[in-house]
Amino acid sequence: MDYLKGLNEAQYEAVTTLEGPLMVLAGAGSGKTRVLTMRIAHLITNLVDPFNILALTFTNKAAKEMKERIAKVVGQSEARSLWMGTFHSVFARILRSEAHYLGFPSNFTIYDSQDSLNVLRKVLKDLSIDADLYKPKKVQARISSYKNNLITVKAYFNNPELIENDERANMKHMGAIYQKYVDACYRNGAMDFDDLLLRTNELLTRFPEVLAKYQDRFRYILVDEYQDTNHSQYLIVKALASKFENICVVGDDAQSIYSFRGANIFNILNFKKDYPDAVTVSLEQNYRSTQNIVNAANVVISKNVQQFKKNVFSDNEEGEKIKVYRSLSDADEANFVASNIWEQHNSLQRRFSDFAILYRTNSQTRAFEDALRRKNIPYKVYGGLSFYQRKEVKDLIAYLRLLVNENDAEALTRIINYPARGIGETTQNKLTVFADKKSVAITEVLGNLGHYAPELGLNNGILTKLSDFWAMIKAFQVMLKSENAYTVAMEVAKRSGLIKFLKDDQTPEGISRVENVQELMNSMQGYIEEQQQLEDGDPSLSGFLENIALSADTQNDKNETGDQVSLMTIHLSKGLEFPVVHLVGLEENLFPSFMSSSTREEIEEERRLFYVALTRAEKQAYFSYAVSRFQWGKITDAEPSRFLSEVDSQYLEFINPAVESRFVNHSGLKSNIFDEHPSEPRSFTRKSEKKTIERSEPQPVPQNLKPVATARIINPSGASSENIEVGDQVRHDRFGVGEVMFLDGTDPQNIKAKVKFQHEGEKNLILKFAKLTKI
DNA sequence: TAAAAGAACTTTTTT
DNA sequence: AGTTCTTTTA
């Protein structure tokens, strides 16, 4: 049992206490993943059949990594039959095999938030409810919270308090909307993310034999990131564990950051109440970070009221102080970060992959991408608008979804007239109304046009178009029986006219859309090949569709090994670690977000978010903030985040360069701790410098001097692209530096260039639009 | 009916 | 600023 060596006392206890309820409170960096991995390995070595183990993780990525690590200890074949994955993916799988209990088809579609929002918009329209009063997003959030708290439509109408509550919020139609939305999903044979949990609960409560089956199967249950489970998840775990009570939950209340998604921190805080016999183990030694980082993080989190008492400490070196950089603008901040990474890469020989840039909102990525690209620093953006959410990708996926589940009305509306085939809004409305009146599915009408035609009141031209469309879908479905998913998808892309339609658009955007569809095809092929190698793989089309619905960005996972800087939101960084972390955008109203600054609970969650971010760092942490920032299309002034002043200044070092101090008083900031720690004394010379700059700005530019601004504009209208030749080194606004591989076309208005970019690969660009600059 | 132009809204975080 | 929904025009 080599794997037990090298564990500290607490870790050893957590790994070897196999029976009964166990709560592991794992402070940041305390070797949580290691404990979980070893614990599962230990179970298997102690002759527990892996088939009887269920391990629930927070992300698919975490599950995959953990499975690989376990396989190294106990061997590939033993690890395979382990059930490990996110709540959503594990229970989606169970729901598929038990779907008949709930009256769902086993090939039900999984709606992502965008899909469910579309359905909701339609429901609002059908009920003639003003979408201004009932903002779809708000309605969606409300329904989501019902579902996560196990309030079904029936339960809602039986609960006067809830109804009253919605009436007070001026949303008295919520019940009706909720009902109609649930009905629509049911009719479409679809479940949204929350349904995967809610319906699992329904399955386990309504059908004791199903519950018994899975209770017997999952004798040992482990839940990672327990602090971020919601009520619905909590109940599933509780039900499954109630027979054997071999339940191990691992988490850290200080790292609960998903309450906006219904996560309930009391699940972990009250674990002892649910299982009075539970053993609690605290892992407090942080092996990841320097003392300075751990101490700074502790000071901040101690401001929170609601938490377990913990004493996280580090025996590592004391380490450097956290550097704090005040910048003028978002662009300035990004430049600072990029230069810092560049310098450390050169002088300290750090790898690019040693760095992470963490931010609160996805919209902050752009500035950093620009700055990194200018310095030719390779990087990878995690999360953000996922590849699978792009319109052209979703469109092709909608076709595929319809093949698998033809009741999916949402997929049907998306593509029935895309690309345009003369089935316009009027026709679609007629169809919907007619189908409603006859209470049959639209697809039923489409499938039996001959039968329904006399009553439909559509002319022959339209009827032909409809029957052609449906014949095409049917042909794809037949093909799916004999051909593999990739071949069918290729055929769909061609025969539906989608590819041709996209190819007709020769703008750079249009070209990139075609590339995205190509990329989707590639990722599909990759998926099929991967699944074919697995014994229990599922290379089918529906398997692929489920995979992309439940895991954010599989397509990028291939080139993960490269040496590149990681950019991601703090939420996404949970569970990861980096030698150097740049925590950026530390400003009031950004972090903490303006959306969650009103109540103490909200601020406490933001503070935990700060704690998570800081404890990602192993050796060095950098904080930065901007005095003004470009957002919502204009420049906004910003104040430093309150979290900065909550870090005791003994852990900080302020590093503002000299050039900047002339602007120090420029922003009209309220006095704060940062004015007490100027990086260098402000002199009169500097102040007067500032004055001259300010005064000179409004003055007219002297005739004999070339204004600097004009001199910098190399490419005002794209005209300079004209004398570009094959072999030239060029710079593109978005793609960075690259080499022109070849040029095509004689019409000066329509010359295409193939450019090989250093980081973005080869792109086909149209010179007129690409605004390439020769360098 | 489809493309083009204009208006409105957007930004919190994700399975 | 960028996207998406809405209205106008051919």
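Each chain gets a letter, A, B and so on, in the order its sequence line appears, and its residues count up from 1.
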Step through it carefully: locate the ring centre of A:Tyr226, locate the ring centre of A:Tyr234, and say whether they are under 6.0 Å apart. no

What about the rings of A:Phe368 and A:Tyr379, do their centers lie closer together than 6.0 Å? no

Nearest to the side chain of [X] - [options]?
X        : options               : value
A:Glu606 : B:dT15, B:dT12, B:dT1 : B:dT12
A:Arg360 : B:dT1, B:dT13, B:dT14 : B:dT13
A:Met595 : B:dA2, B:dT1, B:dT11  : B:dT11

Would you say [X] reaches [N]'s phosphate, i.e. side-chain N/O to OP1/OP2 under 4.0 Å?
X        : N      : result
A:Asn362 : B:dT11 : no
A:Thr426 : B:dT1  : yes
A:Ser363 : B:dT10 : no
A:Asn417 : B:dA2  : yes

What's the verdict on side chain to side chain contact (heavy atoms under 4.5 Å, CB included) for A:Glu65 and A:Thr33, showing C-alpha distance, side-chain angles and the deciding distance? CA-CA 10 Å; A:Glu65 276 170 21; A:Thr33 310; over 6 Å; no

What's [X] touching, base or sugar-phosphate or nothing? Going by heavy atoms closer than 4.0 Å.
X        : answer
A:Lys137 : sugar-phosphate
A:Thr229 : nothing
A:Phe594 : sugar-phosphate
A:Ile570 : nothing
A:Tyr258 : sugar-phosphate

Could you tell me how far apart [X] ([atom1]) and [N] ([atom2]) are, to the nearest whole angstrom?
X        : N      : atom1 : atom2 : answer
A:Asn459 : B:dT1  : CG    : C1'   : 13 Å
A:Arg629 : B:dT11 : CZ    : C1'   : 12 Å
A:Leu572 : B:dT12 : CG    : C1'   : 12 Å
A:Asn429 : B:dT1  : CG    : C1'   : 14 Å
A:Leu358 : B:dT13 : CG    : C1'   : 13 Å
A:Leu117 : B:dC9  : CG    : C1'   : 14 Å
A:Asn547 : B:dT15 : CG    : C1'   : 13 Å
A:Lys135 : B:dC9  : NZ    : P     : 7 Å

For the C1' atoms, the ones on B:dT12 and on C:dC5, what distance do you get once it is rounded to whole angstrom? 23 Å

Work out how far the C1' atom of B:dT11 is from that of C:dT6, and round it to whole angstrom. 22 Å

Using modelled atom types and a 3.5 Å cut-off, is there a donor and acceptor pairing between side-chain atoms of A:Asn201 and backbone atoms of A:Ser232? yes

Is it the case that more than 12 heavy atoms not belonging to A:Lys303 sit under 6.0 Å from its NZ atom? yes

DNA chain B in dot-bracket form (Watson-Crick or G-U pairs under 3.5 Å, [ ] crossing, | inter-strand) is ||||||||||.....

Would you mind building the protein contact string for nucleotides 1-10 of chain C? One character per nucleotide, 5' to 3', B for base within reach (heavy atoms under 4.0 Å), S for sugar-phosphate only, - for untouched. BS--S-----

For A:Phe260 and B:dT13, is the gap between ring centres under 5.5 Å while the planes differ by less than 30°? yes

Nearest heavy atom decides the nucleotide; on that basis, is A:Thr59 or A:Ile462 closer to the 5' end of DNA chain B? A:Ile462

Could you check A:Gly424 against A:Phe193 and say which one's nearest nucleotide on DNA chain B is further toward the 5' end? A:Gly424

Before giving the answer on side chain to side chain contact (heavy atoms under 4.5 Å, CB included), spell out for A:Asn417 and A:Phe469 the whole-Å C-alpha distance, their side-chain angles and the decisive distance to 0.1 Å. CA-CA 9 Å; A:Asn417 196 32; A:Phe469 168 74; over 6 Å; no

Audit row: A:Phe91, A:Leu56, side chain to side chain contact (heavy atoms under 4.5 Å, CB included) steps and yes/no: CA-CA 10 Å; A:Phe91 294 115; A:Leu56 296 166; 4.3 Å; yes

Taking the inter-plane angle between the rings of A:Phe58 and A:Tyr258 on a 0 to 90° scale, is it parallel (under 30°), tilted (30 to 60°) or perpendicular (over 60°)? tilted

Under the side chain to side chain contact (heavy atoms under 4.5 Å, CB included) criterion, do A:Thr57 and A:Glu225 qualify, and how do the steps go? CA-CA 7 Å; A:Thr57 60; A:Glu225 308 281 9; over 6 Å; no

Hey, could you give me the CD/CG distance between A:Glu410 and A:Leu412, rounded to the nearest 0.5 Å? 9.5 Å

Using a strict threshold of under 4.0 Å (side-chain N to carboxylate O), is an ion pair present between A:Arg629 and A:Glu333? yes

